[in-house]
Number of protein chains: 2
Amino acid sequence: MATENSLSIGALAKATGTTVETIRWYERVGVLPAPARTSGNYRAYGAAHLERLSFVRRARDLGFTLDQVRELLQLADDRERSCEAVDKVAREHLEEVVRKIADLEALRHELQDLIGQCRHGTVAECRIVQALSPRGGSSRS
Amino acid sequence: MATENSLSIGALAKATGTTVETIRWYERVGVLPAPARTSGNYRAYGAAHLERLSFVRRARDLGFTLDQVRELLQLADDRERSCEAVDKVAREHLEEVVRKIADLEALRHELQDLIGQCRHGTVAECRIVQALSPRGGSSRS
DNA sequence: CTTGACCCTGTAGCGACTAGAGGGTCCATA
DNA sequence: TATGGACCCTCTAGTCGCTACAGGGTCAAG
């Protein structure tokens, strides 16, 4: 560690449950500001970086895209503004999640139907294969 | 259209609800065999291609990966074998879908909690921002 | 002085496409 | 016969969010 009170990239990774590569990547795409460097060209992070990276990780764990994270970070930086916009981002993300759940539920039903119809004979009689084929039925190509 | 009874790539796309680009891509990655060509170097598809592409699309719509699709196609081609393996692929995929639904449900709850706590004040007081921040509380950086 | 853990940059790969550049082909109409 | 426009061709690069190298440099302990 370079000067007093700074974190190496590895230490920051451990502290936030991230990998070193991911941190470098966040810097490249601008979600985490480039830190100071030591004499040996090592990155030296401070408390602000730790805080910011934790924010990013929490948001990513909640399924926000990096674009949304960038937006949230910008909004969160202006502490006096109303949090309406923050609320909006979160609500839109929630809607997206709800949509995805519905899509997957529909998928689940279709798959269960398919699997339930399988009589464990030959492929030629297999309902799963038939359901995947053009006319859902006796395909003799 | 080159000879009698063959489809251009555009016609095949329309018939299967695919795009031309996707079809060419399927050929490149080996899920759809390369068709004959006309004198002008246009792809000329037959009934077998239409059938195979429909199979691929149905399977993709059901959320199977292209690797799984390749596997299913191979299995489906051997009409006399038992359909056990087909069943297995489908069951594994179903399990994956069920896992994803559970993950998204957990996410949905977290997001709903978060949003429900927002009191629409300033960002400084915003529960959403706080929840994303390191110690979930009053961060004065 | 060497070993090994750590760090650096830069590039390529994943899955499943999508988009675009820069051209060629085909057919109907003027 | 010329021309316009719809279609087709190949090749390349971009998407998202990392992950995984390759080929080096730095640093502290023994």
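Reminder, nothing fancy here: chain letters follow the sequence lines and each chain counts from 1. Keep in mind that this is a model prediction, so the values were computed, not measured.
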> So, is Arg43(B) near the phosphate of dC8(D), with a side-chain N or O under 4.0 Å from OP1 or OP2?
Replying inline: no
> Tyr42(B) has a side chain; which of dA16(C), dG17(D), dG24(C) sits nearest to it?
Replying inline: dG24(C)
> Under a single-linkage definition using a 4.5 Å side-chain heavy-atom cutoff for Ile, Leu, Val, Met, Phe, Trp and Tyr, are Leu75(B) and Phe55(B) assigned to the same hydrophobic cluster?
Replying inline: yes
> Atom CD of Glu27(B) to atom P of dC8(D): distance rounded to whole Å?
Replying inline: 14 Å
> Thr22(B) side chain to Thr18(B) main-chain N or O, any donor-acceptor pair under 3.5 Å?
Replying inline: no
> If you round to the nearest 0.5 Å, how far is CZ of Arg43(B) from CD1 of Ile23(B)?
Replying inline: 9.5 Å
> Start at the 5' end of DNA chain D and walk down; is the nucleotide closest to Asn41(A) or to Asp67(A) reached first?
Replying inline: Asp67(A)
>> Would the distance check show the side chain of Ser54(A) and the main-chain N or O of Leu50(A) forming a donor-acceptor pair, the cut-off being under 3.5 Å?
In response: yes
> What is the distance from CZ of Arg28(B) to P of dC9(D), rounded to the nearest Å?
Replying inline: 14 Å
>> Under 4.0 Å from OP1 or OP2 of dC7(C): is there any side-chain N or O of Ser8(A) that close?
In response: yes
Distances under 3.5 Å between protein N/O atoms and the N/O atoms of nucleotides 17-20 of chain C, please, pair by pair.
unit_1: dC17(C); atom_1: OP2; unit_2: Tyr26(B); atom_2: OH; d: 3.0
unit_1: dC17(C); atom_1: OP2; unit_2: Arg60(B); atom_2: NE; d: 2.8
unit_1: dT18(C); atom_1: OP2; unit_2: Thr22(B); atom_2: OG1; d: 3.1

> According to a strict under-4.0 Å criterion, is Arg37(A) in side-chain N/O contact with OP1 or OP2 of dT9(C)?
Replying inline: yes
>> Whole angstroms only, please: what is the CG-C1' distance between Leu53(A) and dC18(D)?
In response: 14 Å
> Roughly, in whole Å, what's the span from OH in Tyr45(A) to C1' in dC8(C)?
Replying inline: 12 Å
> Could you state the CD1-P distance from Ile9(B) to dT25(C), rounded to the nearest angstrom?
Replying inline: 17 Å
> Could you give the angle between the helix axes at the two ends of the helix from dC1(C)-dG30(D) to dA30(C)-dT1(D), with five pairs per end, rounded to 10 degrees?
Replying inline: 30°
Which atom pairs, donor and acceptor, lie under 3.5 Å between side-chain atoms of residues 101-110 of chain B and protein residues at least two apart or in another chain?
unit_1: Glu105(B); atom_1: OE1; unit_2: Arg108(B); atom_2: NE; d: 3.0
unit_1: Glu105(B); atom_1: OE1; unit_2: Arg108(B); atom_2: NH2; d: 2.6

> In whole angstroms, how far is the C1' atom of dC6(C) from the CD1 atom of Ile23(A)?
Replying inline: 14 Å
> Is it true that the side chains of Arg52(A) and Tyr26(A) contain a donor and an acceptor less than 3.5 Å apart?
Replying inline: no
> Leu62(A) versus Leu114(B): any side-chain heavy-atom pair under 4.5 Å?
Replying inline: yes
> Within the side chain of Glu92(A), is there an N or O that forms a donor-acceptor pair under 3.5 Å with the backbone of Val89(A)?
Replying inline: no
> Any side-chain heavy atom of Glu27(B) within less than 4.5 Å of one from Pro35(B)?
Replying inline: yes
>> Assuming nearest nucleotide by heavy-atom distance, tell me which of Phe64(B) and Gly40(B) is located more 5' along DNA chain C.
In response: Phe64(B)
